[in-house]
Amino acid sequence: MAYTRAERLAIDTYSKCDTREIKYGTAGFRSKADQLDYIMYRMGLLAGLRAQDTSAAIGVMITASHNPEQDNGIKLVDPMGEMLAPAWEAHATTLVNAPDDGVAGVLEKIVSEACIDTNKKALVFVGRDTRPSSNRLRDAVIAGVTAIGGEVKDFGIISTPILHYVVTCYNDGENYGKATVKGYYQKIAQAFVKLRSSSSSHGNYDPVILFDGANGVGALAMTEFLNHLQDSLRVTIFNKGEGVLNHMCGADYVKVQQKWPEGVPKTQNVRCVSIDGDGDRVIYSVLDSEGRFHMLDGDKIATLVADYLQELVKSSGLKLKLGLVQTAYANGASTAYITKQLGIPVACARTGVKHLHRMAQQFDIGVYFEANGHGTVIFSTVAREAIQAAAKAKEGHAEKLSQVLDVINETVGDAISDMLLVESILHARGWSVLDWNEAYTDFPNRQMTVTVADRAVITTTDAERECVTPEGLQDAINKIVSAFSKGRSFVRPSGTEDIVRIYAEASTQEEADNLAIQVACAVYELAGGIGDRPKASMLL
Ligand code: 16G
Ligand code: MG
C-alpha cells in the first residue's frame, strides 16, 4: 500500500513542529500539549499498523497522567492489555522522528519489517482523560487511523485502566469480561459487593472514605462506581473537577509532597484515597487524633495484599508460588518486612509498569506495585484454574480467593479496583487504616530532581540501583551514603521528563534530606548540571 494520503496529511495538517529527537518513553510520549498534534497523528497511523500486525484491536490512551494540566501524552495498549511491545516502541520512535515527507517511507519500512498484511482490518480503541487538549488530540489520532483505512471506536473520557480492560476483553473473546465500559463497572463492583457480603469481620473497620479525584477522570469513574456499589462504602468525592487537574491534590502530590491533599476536609481518623489524573495510581493517607499525617503508599498496599493472598492460598491447600515485585523506590522498611516477616520473595524491577508486569509473570501469583501507588496482581493460567477448581470443591478459603480475583483488574494498575481490593482486605481483617499502617514504619525518605544538559549521560544497572555512567558518580554516591546511618540512595534519568531523579533514605528525615542534597550535588557536578546548584529549597 502506498501511503501517499497519510503523508499528505502529515505535511499539510499535522506538520512536525519540533526538531528534537524524542523517544517513546516509560509510558509513551509526553510533553506540552501544544507540541503533540503531529505525534498523535503519527501514533494513530502506527496504532492502525499494529492492529493489522496483531489481527486485534489496539488501544490508544490520550493522557499525561499526573503531569500538570497543560501537558498531555499518548500511550499505546497491546492486545492483551499490555504496554506496547519493545520492537514497536522502536517503530514509534522512528516514525515520530521522521521528517513530514519521510512518513510514507517509514510506514512502508515497518510494514515490510513486520510482514504486515495491509488488507487486514485495523481497529483502534481510543480513550482520553479530562484535559482540555485531549479532545483536539483525539481528533489527530483518529485522522491517523483513518488515513490508513482503519476504524476507530471512540470510548470518550475514560480512565486508563478502563481502556486496558476493554481492549483485553474484546481481544480475548470476552472471556475476561464484557468489552464495554458498563461491563467494567459491573464486573468489578459486583465482585466487590459479593466478597463483602461473604465476609463477616468488621472490628475497627469503618466504611467511610474521603475520595480525592485529582480533578480528573478518576472522580468520574468513582461517581459511576458508586451507582454499582450498593452502599457498601460511604464515599464522599472531592476534587471532582472544580479545580485544576493534579494541582496540589491527587496521588502524586500526596506521595511526593507527603502532604494531605488540598480540597479535602482535614477530618481526623478518616482515610483519604487519592488517585492520579488518569486513574491508575492510588495512595491512602490519614490524619490521626493528634492531626499527624500518615501516608500508605504502593509499598503498604503491596504488603497488605501479598500477606492476605498468601494466607488465602495456604488455607486453600494450594501450592502456588506467590511473589512481590517492587522497584528501587520501595521503602527499605517494606522490603525488610516482606522478606523477613512475611517470608514472601521480592524481586526488584526497573521503574515503569511494563517492567514490573513482566517480572511478576514469573510467579503463579505476582503482586506488583510501585511505591507511587501504581500496581496490581496477576495470576497465571495455572493459578487461575487451580483457584477455580479449589473454589468449586469448597476447599478452605478458595471461594473467597476466587472472588478476590474478580475484584482485581489484572490488565494494568487500576486505582479504584486497587482501592476496592484494599477495602475488602481491611474489612475482612477488621482493621482501621491506622491498624494497617502499624505493619511497619517507613524509613524517612526524600526525592529531588536535578536538571542536566543531557540526562542520557546517566546510565544505570541492577534495576536502576547503581549508576554505570558517568564515570565516578557511583563511587561518589557510595562515599556520601556511607556517612549516613541506614542510608540508601540512587539516581536515574526520568523516563517522562527532562530531568534526573534522586532518591534518598536514612534514619531521620533531616538525614534523608541532607543525603538527597549531597547526592544531587554529586549529580550536578559529575553529570553536567545546569541552572542552580541543588540546595535545601529544591527538596521535593
Ligand atoms: C510513568 C509510568 C510509571 C512510572 C513513572 C516514572 C507507566 C504506565 N507509568 O508514569 O510506572 O513510575 O512513569 O516516571 O508505565 P519517571 O521516569 O519520570 O520517574
Ligand atoms: Mg497515571
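For ligands, and for the atoms within them, numbers begin at 1 and follow the listed sequence. Every heavy atom of this structure was used, including side-chain atoms; hydrogens, water molecules and symmetry mates were not.
Note: Y165 and Y176 meet the aromatic proximity criterion, with ring centroids under 6.0 Å apart.
Contact annotation for N372 and ligand 1: only side-chain heavy atoms (C-beta onward) come within less than 4.0 Å of the ligand. Contact annotation for H355 and ligand 1: no heavy atom of the residue comes within less than 4.0 Å of the ligand. Residue-level proximity to ligand 1 for T351 is carried by the side chain, the only part with a heavy atom below 4.0 angstrom.
Of the N or O atoms in S494, one or more lie within a sub-3.5 Å distance of an N or O in ligand 1. An N or O contact shorter than 3.5 Å is missing between P493 and ligand 1 by distance. Checking only distances, K75 never comes within under 3.5 Å of ligand 1, N or O to N or O.
Using a distance-only test at 3.5 Å, with no hydrogens or angles considered, a donor-acceptor pair links the side chain of E69 to the main chain of L245. Between the side chain of R42 and the main chain of L95, a donor-acceptor pair closer than 3.5 Å is present.
Judged by the shortest distance from any of its heavy atoms, M61 lies outside the 4.0 Å radius around the atoms of ligand 1. Every heavy atom of S65 sits 4.0 Å or more from the atoms of ligand 1.
Using a 4.0 Å cut-off between charged nitrogen and carboxylate oxygen, D53 and R50 count as a salt-bridge pair. Salt bridge status for D37 with R136: present, with a side-chain N to carboxylate O gap under 4.0 Å. Using a 4.0 Å cut-off between a side-chain N of Lys or Arg and a carboxylate O of Asp or Glu, R271 and E423 qualify as a salt bridge. Of the charged side-chain nitrogens involved, none lies within less than 4.0 Å of a carboxylate oxygen, so that R138 and D129 do not count as a salt-bridged pair. For the pair R465 and D462, the salt-bridge criterion is met [side-chain N within less than 4.0 Å of a carboxylate O]. A salt bridge links R20 with D18; the closest basic N to acidic carboxylate O contact falls under 4.0 Å. Contact check on E224 versus K182 returns no salt bridge, with no Lys/Arg side-chain nitrogen under 4.0 Å from an Asp/Glu carboxylate oxygen.
The heavy atom nearest to atom 11 (O) of ligand 1, considering only H66, R492, E370, K354, is found in E370. Distances from atom 10 (O) of ligand 1 to the heavy atoms of R281, E464, H357 show the closest one on R281.
Shortest contact from atom 13 (O) of ligand 1 to any protein heavy atom: T496 CG2, 3.5 Å. Of the protein's heavy atoms, V353 N, 3.2 Å lies nearest to atom 15 (O) of ligand 1. For atom 7 (C) of ligand 1, the closest non-hydrogen atom of the protein is A27 CB, 3.7 Å.
Remark: T93 pairs with K23, Y24, N97 by the side-chain contact (heavy atoms from CB on, under 4.5 Å) rule, at least two apart or across chains.
For D278, the N/O/S atom at the shortest distance from the Mg ion (ligand 2) is named OD1. Shortest distance from the Mg ion (ligand 2) to D276 is reached at OD2 (N/O/S atoms only). Restricting D280 to its N, O or S atoms, the one at the least distance from the Mg ion (ligand 2) is OD1.
Crowding of H247 atom NE2: a count of heavy atoms from other residues, nucleotides or ligands under 6.0 Å not exceeding 12.
Ligand-side atoms of ligand 1 in range of R501: 16 (P), 18 (O), 19 (O), range being under 4.0 angstrom from any heavy atom. Numbered from 1 in the order shown, with element, the atoms of ligand 1 that lie under 4.0 Å from a heavy atom of M83 read 8 (C).
Within the coordination shell of the Mg ion (ligand 2), defined by N, O or S atoms under 2.8 Å, T63 is absent.
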